[in-house]
Protein chains: 2
Amino acid sequence: MRLSTKGRYAVTAMLDLALNSGRGPVTLADISVNQGISLSYLEQLFAALRAKQLVRGIRGPGGGYYLGKGADEISIADIICAVDEWVEFTRCGGRENCRGGERCLTHSLWDQLSDEIFTFLSEISLADLVERGQRQQRQGERVERHPMTAGKQRAA
Amino acid sequence: MRLSTKGRYAVTAMLDLALNSGRGPVTLADISVNQGISLSYLEQLFAALRAKQLVRGIRGPGGGYYLGKGADEISIADIICAVDEWVEFTRCGGRENCRGGERCLTHSLWDQLSDEIFTFLSEISLADLVERGQRQQRQGERVERHPMTAGKQRAA
DNA sequence: GCAAAACCAAGTAAGACCCTAGGATAAGGC
DNA sequence: GCCTTATCCTAGGGTCTTACTTGGTTTTGC
């Protein structure tokens, strides 16, 4: 599993889309301004998202993008895999070069972890995130954050 | 949360360490050969791991590395955070530039997801992975993999 | 003292990331 | 039928990260 800023941009943009597509198609120009991502880079990301049918483009004036399916049918893993090529890591390919057995075990452990992360992200849909965010906002305050990330924000 | 090949190398190396440190300290040269990572790159990774007390170095002949704590006290998140600097993503910092409210919501949703991934990886320890791997090996076969990753390996 | 190992620092080729630039194509408004 | 708006497409480049190489210095068991 690969999770980089590229994937973050894609997820953020898809969230923006999920939140705003109620009022007609959303233009990339809007997302660009809202999320601080260059238009051209968004175009590249959306080309990949479109190839996986995660978004649907409407051309011409008044056009823009809709989600390609329901927000409950799109998982975070779908989005990340669309823009961040999934890289298979182990060099031994599951059998060759793995005479020692131990070496192979290490690799299979990594595979296992990688699968678990993928499963985890597969089980979170765009709709889940939006719903949880709205519930959180209704309660009027942010959920408590992890010490690690919270520390960096609260400092200074 | 950032999850790159650098983090993978670190996790793999730590797994190697966890599996082999029963017979005395493990040299980076061994890990280099076993996992196919250059010695110097391992040195850089282990400098970061050492700074976070995740490993303990023994100098001189017969030296090498031990885990800095018990394998059950070291989470995958610990390892990844040690080598891959944790980057705080949102530009608005939780308050500024977020007049619209909606833009802030998108960012807070991302934060929330990021936290969830972090929590997930915090709850998996090195010991967990090793134990699960051994159980799996006792059963004599690999667990079923996800269609996505499995497809790429089974092909050809 | 010698050799094995951790430790340290600088540099570097390749690639990823993110952007700019320039266009081609489709479709609504006049 | 033009003009504008927007998606769609391609090429390129500056900057950073990745992963490695080189060349050391310390520490320490023998």
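Just so we're on the same page: letters track the sequence lines, and every chain starts at 1.
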(request) Using whole Å, report how far CD of B:Gln35 lies from C1' of D:dA19. (result) 16 Å

(message) So, using side chain to side chain donor-acceptor pair (under 3.5 Å) as the criterion, who are the partners of B:Ser125 when residues are at least two apart?
(response) B:Asp128

(request) Please tell me which of the listed nucleotides, C:dC18, C:dC17, D:dA19, lies nearest to the side chain of A:Asp84? (result) C:dC17

(request) Only counting residues at least two apart or in another chain, list the ones meeting side chain to side chain donor-acceptor pair (under 3.5 Å) with B:Asp30. (result) B:Thr27

(request) Output all residues satisfying side-chain contact (heavy atoms from CB on, under 4.5 Å) with A:Gln53, sequence neighbours left out; order by chain, then residue number. (result) none

(request) Send over the distance from A:Gln44 CD to C:dG23 C1', rounded to a whole Å. (result) 15 Å

(message) Any base atoms under 4.0 Å from B:Ile58, or only sugar-phosphate, or nothing? Heavy atoms, all strands.
(response) sugar-phosphate

(message) Using a 4.0 Å heavy-atom cut-off, does B:Tyr65 contact any base of the nucleic acid, only the sugar-phosphate backbone, or nothing at all?
(response) sugar-phosphate

(request) Treat primed atoms plus P, OP1 and OP2 as sugar-phosphate and everything else as base, then score nucleotides 25-30 of chain C 5' to 3': B for base contact with protein heavy atoms under 4.0 Å, S for sugar-phosphate contact only, - for none. (result) BBBB--

(message) Categorize A:Leu28 for me: base, sugar-phosphate, or nothing, with a 4.0 angstrom heavy-atom threshold over every strand shown.
(response) sugar-phosphate

(message) Side-chain N or O of A:Arg50 versus OP1/OP2 of D:dC9: is the shortest distance under 4.0 Å?
(response) yes

(request) Please round to the nearest 0.5 Å and tell me the distance separating atom CG of B:Leu109 and atom OG1 of A:Thr12. (result) 9.5 Å

(message) I need the CD1-C1' distance between B:Ile37 and D:dT21, as an integer number of Å.
(response) 16 Å

(message) Nearest whole Å is fine: how far is D:dA6 P from A:Arg56 CZ?
(response) 17 Å

(request) Sequence neighbours left out, what passes side chain to side chain donor-acceptor pair (under 3.5 Å) with A:Asp72? Give chain and number order. (result) none

(request) Assign each of A:Gly57 and B:Tyr41 to its nearest nucleotide of DNA chain D by heavy atoms, then name whichever residue's nucleotide is nearer the 5' end. (result) A:Gly57

(request) Examine C:dA6: is either OP1 or OP2 under 4.0 Å from a nitrogen or oxygen in the side chain of B:Thr27? Give yes or no. (result) no

(message) Please report the distance, rounded to the nearest Å, between NZ in B:Lys6 and C1' in D:dC20.
(response) 13 Å

(message) Once you apply a heavy-atom cut-off of 4.0 Å, does A:Ser40 come out as touching a base, just sugar-phosphate, or nothing?
(response) base

(request) Please list, chain by chain and in numerical order, all residues satisfying ring pair (Phe, Tyr, Trp, His ring centres under 6.0 Å) with A:Phe120, sequence neighbours excluded. (result) B:Phe120

(request) Go through D:dT18, D:dT21, C:dT20 for me and flag the one nearest to the A:Ser38 side chain. (result) C:dT20

(message) Please report the distance, rounded to the nearest Å, between CD in A:Glu43 and P in C:dG22.
(response) 15 Å

